[in-house]
Number of protein chains: 2
Amino acid sequence: MKLTTKGRYAVTAMMDLALHAKIDCVSLVDVSERQTISLSYLEQLFRNLKKAGLVNSVRGAKGGYMLAKADKDISLADILVAADEQINLACGGSACSDETPCLTHGLWVNLSQQFYQFLNSKSLNDLVKSRDVQTMATMQDVTQIGNIPVHISNDTENDYV
Amino acid sequence: MKLTTKGRYAVTAMMDLALHAKIDCVSLVDVSERQTISLSYLEQLFRNLKKAGLVNSVRGAKGGYMLAKADKDISLADILVAADEQINLACGGSACSDETPCLTHGLWVNLSQQFYQFLNSKSLNDLVKSRDVQTMATMQDVTQIGNIPVHISNDTENDYV
DNA sequence: CCGATTCCCGAGTAAAATACTCAGGTTTCA
DNA sequence: TGAAACCTGAGTATTTTACTCGGGAATCGG
């Protein structure tokens, strides 16, 4: 049970947008440098994120991406699914289906649903507010030359929940 | 986020033991036939399950496997880990470690822990008691020729959780 | 004691999935 | 007009998965 880089990078990139695309859009070059993710891979990922309606794009010079909705309305599950990371533990092959299930089929279906619900209950905003991310983000901003860090002062800091 | 067949088969096989190895041990040939899992693959899986101390084996003719502990003392997490199915969503590569974490590193570590705890809270006994599994097991027993179905009559039937 | 049955073990391998890259095109700003 | 960005399809090396195979060692029944 692991996550592919697609899913992980997608969440990281979306978090980057949530942190930096407050006023106007942010280019993938910026995201790429801040999060050390290859530019071409990011472009590929953002195709999916856009198709899923999670981000809007602005073409041309000074263009970039921004969140299509408020960060509180985007869940971890939304991002993972968009990044084509299935949240499905069940066996979808030849041996076992909903019609001819194996002994544990129901278990996996059930478990997948619970995981989905869990991941769906965590919004991008929840993540961004966490102490870990806040400090990481500050570091990334400071490291960047000529970029004055701007932060959301937040009283409800938490450790992910 | 998906499960490999290793993990899935391991749980299925352990469930089979819990259902059928009540009195004496059960051979992998039987498990293989009942659950339609290749024998040689099962043998490979049971190496790990044994190494992890989840099953005991009896060699020679009339030999086989049985649970090493009570089914209520074996958790889903135990089985998955034994079957060498990592419950780890974090990025363990070059880019990101506990020392030099990426923006989302903490998130994945945290999430992994929560998933682990969840899977660790479900015992083999919980699964075996579920209505789905009970009916599936009955079907499998009836299909088998010359095998009189024996069931655990249980008042606390549930649908997984 | 012999042969069937079963666990045990190391190693190999085809197919699938992953994690990318690359080459080009289009839109927009200055 | 040219640089900066998004956009797109396709290709590909590497890794992982899901097995198989061949042989060995214990144990039981006859």
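Side chains included, hydrogens not; waters and symmetry mates left out as well; all remaining heavy atoms used.
Taking CD of B/Q86 as the start and OG1 of B/T4 as the end, the distance is 10.0 Å to the nearest 0.5 Å. Interatomic distance, OH of B/Y116 versus CG of B/N88, reported as 12.5 Å (0.5 Å rounding). Distance check, rounded to the nearest 0.5 Å: OG of A/S130 to CE of A/M15 gives 6.0 Å.
Residues of residues 55-65 of chain B having a heavy atom closer than 4.0 Å to DNA chain D, listed by number: B/R59, B/G60, B/A61.
In this structure, A/L3 and A/V11 have side chains that are not in contact, with every pair of non-hydrogen atoms separated by 4.5 Å or more.
When every heavy atom of A/M14 is checked against every heavy atom of A/L124, the shortest pair comes out as O-CD2, 3.8 Å.
Put simply, chain A comes within 4.0 Å of DNA chain C, heavy atom to any atom, from C/dT18 to C/dC29, going 5' to 3'.
Taking atom CE on A/M66 and atom P on D/dC6, their separation rounds to 13 Å, with Å as the unit. Here the P atom of nucleotide D/dC7 and the CG atom of A/L45 are 14 Å apart, to the nearest Å.
Although no hydrogens or angles enter the test, the distance criterion places a donor-acceptor pair under 3.5 Å between the side chain of B/S32 and the main chain of B/I37.
Under the 4.5 Å side-chain heavy-atom criterion for grouping Ile, Leu, Val, Met, Phe, Trp and Tyr, B/V128 is not connected to B/M66 through any hydrophobic cluster.
Qualifying side chain to side chain contact (heavy atoms under 4.5 Å, CB included) partners for B/A82, counting only residues two or more places apart in sequence or in other chains: B/L49, B/A52, B/L54.
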In B/S/- notation (B base, S sugar-phosphate only, - none; protein heavy atoms under 4.0 Å), nucleotides 10-21 of chain D written 5' to 3' is B------SBBB-
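Identified under the salt bridge (Lys or Arg N to Asp or Glu O under 4.0 Å) test for residues 67-92 of chain B, with sequence neighbours left out: B/K6-B/D84. Legend: ring-ring contact (aromatic ring centres under 6.0 Å, His included) pairs involving residues 39-61 of chain B, not counting sequence neighbours, sorted by first then second residue: B/Y9-B/Y41, B/F46-B/Y65.
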